[in-house]
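Below is one structure, written out as structure tokens; the observations come after it.
The model shown is predicted, which means the values in this text are computed figures rather than measured ones.
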Amino acid sequence: MKKTEKIINKIAQDKLEFNVGLALLLENNYNFKELFTTLHNYIINSIPDKIDFNSESYQTALNTIPLKPTCTPVAILKNFPTKIAFQKLVSLPENENEKIITSLLWIFKITDTERRNTECKEGCTHFWHHLF
């Protein structure tokens, strides 16, 4: 597991405070495309019904992103179907990158928490759910 993946999963499991973890992910010259791709894949895998982006946990995540609801990434995520929203996010100007990462990290935190509390409640073999 890469360092960034470990940070992301620690944030999702409340083993690392969100803003502290976000700062770690965004430090130095982070690779936006790599981080975007990782978070995109994690979000897709954290939703039990991969097709149902209208799930309660996904909608809760969208409505609680810790950014202004009018900021471009949040507005895109709320107003477009998920597949189109992700395509639009990746093509936004570079000055939106931190807001994009913040939004996606928050969505993963919420959806993965729901997954751990339901699908993985009785235990699971997801090694990333067993961080120390």
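Side-chain contact between L104 and Y42 is absent, with no heavy-atom pair separated by less than 4.5 Å. Using a 4.5 Å heavy-atom cutoff, the side chains of L77 and Y58 are in contact. The closest side-chain heavy-atom distance from W106 to L22 is not below 4.5 Å. N97 is listed as a side-chain neighbour of Y30, based on a closest heavy-atom distance under 4.5 Å. Side-chain contact between F18 and T102: present, with at least one pair of heavy atoms (C-beta onward) separated by less than 4.5 Å. Counting heavy atoms from C-beta outward, L24 and E27 have side chains that approach closer than 4.5 Å. Looking at heavy atoms from C-beta onward, S103 lies in side-chain contact with L67 at the 4.5 angstrom threshold. At a threshold of 4.5 Å between non-hydrogen side-chain atoms, the residues K99 and L92 do not count as touching.
For the atom pair E17 CD and N19 CG, the distance stands at 4.5 Å (nearest 0.5 Å). One finds the CD atom of E98 at 12.5 Å from the CG atom of L105 (value rounded to the nearest 0.5 Å). One finds the CG atom of N9 at 5.0 Å from the CE atom of M1 (value rounded to the nearest 0.5 Å). Distance check: L35 CG to I7 CD1 gives 9.5 Å after rounding to the nearest 0.5 Å. Going from atom CD of E34 over to atom OG1 of T37 covers 8.0 Å, rounded to the nearest 0.5 Å. Atom CG of L25 and atom CD1 of I11 lie 5.0 Å apart (nearest 0.5 Å).
At distances below 3.5 Å, at least one donor-acceptor pair connects side-chain atoms of R116 with backbone N or O atoms of A12. A distance-only check finds no donor-acceptor pair linking the side chain of D112 to the backbone of F108 [under 3.5 Å]. When atom types are taken as modelled, the side chain of Q13 and the backbone of K15 share no donor-acceptor pair closer than 3.5 angstrom. Looking at R115, its side chain never comes within 3.5 Å of a backbone N or O of I110 through a donor-acceptor pair.
Shortest non-hydrogen contact noted between T64 and T60 is OG1-O, 2.8 Å. A pairwise comparison of heavy atoms in P73 and I100 identifies CG-CG1, 3.7 Å as the closest pair.
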Please assess E5 against T38 for the test side-chain contact (heavy atoms from CB on, under 4.5 Å), listing each intermediate value before the final yes or no. CA-CA 8 Å; E5 294 172 325; T38 299; 4.1 Å; yes
After noting the C-alpha distance and the side-chain angles of I65 and K78, does the key distance pass the side-chain contact (heavy atoms from CB on, under 4.5 Å) rule? CA-CA 11 Å; I65 293 170; K78 286 183 173 183; over 6 Å; no
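A cation-pi arrangement is present between K88 and F80, with the terminal nitrogen or guanidinium carbon under 6.0 Å from the aromatic centre and inside a 45° cone about the axis.
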